[in-house]
Amino acid sequence: MTISWKEVSPYSGQPVEEDAPTNFAGQGSGVAMPPDVAYAKKKKKLLDARTKAYRQHREKLDAARQRRLEQRKSKIAQKVQENIMDFNREIYLEENNMNILKDIVVKKSAKPVKFKDGTMTVDMFTASAITQVYNKVNIDNKKKLEKMVNGTKGQFMALQNKVMKMVGK
């Protein structure tokens, strides 16, 4: 009498179905399974730029590159860039050049100062002289000095000449 066994899952109690056969085909069967089977390596084909296949491949690459570039240039990005170019922040900013002159004295280095008709670099000695005079005059004259400092280059140069005469005395 032969006994036959059935493999049963311990969780469900149902018979287990094997997905893969065993790798043993019997003694002397001559069937070998990896790792002792040596496969022949496939030779890689060299890429030749003169072939028709390569030219077609290159055309596909160029077309894909063009699509990517077009996607980067979206309409929203173009509108934002145009709006940024049109927006002039400098109109809305009011700078008091007296603060810049005081900063020149504190940092002990020349800086460019913006006027209505351009910019001009002011050295530490000039800035120091103007701020000293500014600190010593009364409120009405301070307003006049600020008006000249924040005006044009010519007004600033006239103020500089007057201050240098005052400091020289």
Side-chain atoms of residues 141-152: list all donor-acceptor pairs with protein atoms under 3.5 Å, sequence neighbours left out, distances to 0.1 Å.
| residue | atom | partner | partner atom | Å |
| --- | --- | --- | --- | --- |
| N141 | ND2 | N138 | OD1 | 3.2 |
| E146 | OE2 | Y134 | OH | 2.4 |
| N150 | OD1 | N97 | N | 2.7 |
| N150 | ND2 | N96 | OD1 | 3.1 |
| N150 | ND2 | E146 | O | 3.1 |
| T152 | OG1 | Q155 | N | 3.4 |

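Nearest heavy atom pair, residue T121 against residue A110, reads CG2-CB, 3.9 Å. Summarising the geometry of V16 relative to S9, their closest heavy-atom pair is CG2-N, 3.5 Å, with the distance given to 0.1 Å.
Atom CG of D103 sits about 3.0 Å away from atom NZ of K111, to the nearest 0.5 Å. We find the CE-CZ distance between M164 and F125 to be 5.0 Å, quoted to the nearest 0.5 Å. One finds the CZ atom of F156 at 6.5 Å from the OG1 atom of T126 (value rounded to the nearest 0.5 Å). M98 contributes atom CE, which lies 5.5 Å from atom NZ of K102 (distance to the nearest 0.5 angstrom).
Under a hydrophobic clustering in which Ile, Leu, Val, Met, Phe, Trp and Tyr are joined whenever their side-chain heavy atoms come within less than 4.5 Å, directly or via other members, M157 and I100 fall into the same cluster. A single hydrophobic cluster is seen to contain both I130 and V167, as judged by linkage of ILVMFWY side chains at heavy-atom distances under 4.5 Å, directly or through other members.
Partners of T131 according to the side chain to side chain donor-acceptor pair (under 3.5 Å) rule, which considers only residues two or more places apart in sequence or in another chain, do not exist here. Remark: S128 engages V105, Q132 in a side chain to side chain contact (heavy atoms under 4.5 Å, CB included) (not counting sequence neighbours). With sequence neighbours excluded, no residue forms a side chain to side chain contact (heavy atoms under 4.5 Å, CB included) with K136. Not counting sequence neighbours, R67 has no partner by the side chain to side chain donor-acceptor pair (under 3.5 Å) test. Partners of R50 according to the side chain to side chain donor-acceptor pair (under 3.5 Å) rule, which considers only residues two or more places apart in sequence or in another chain, are D48.
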Stepwise side chain to side chain contact (heavy atoms under 4.5 Å, CB included) test for V113 and I104 = CA-CA 10 Å; V113 179; I104 290 171; 4.3 Å; yes
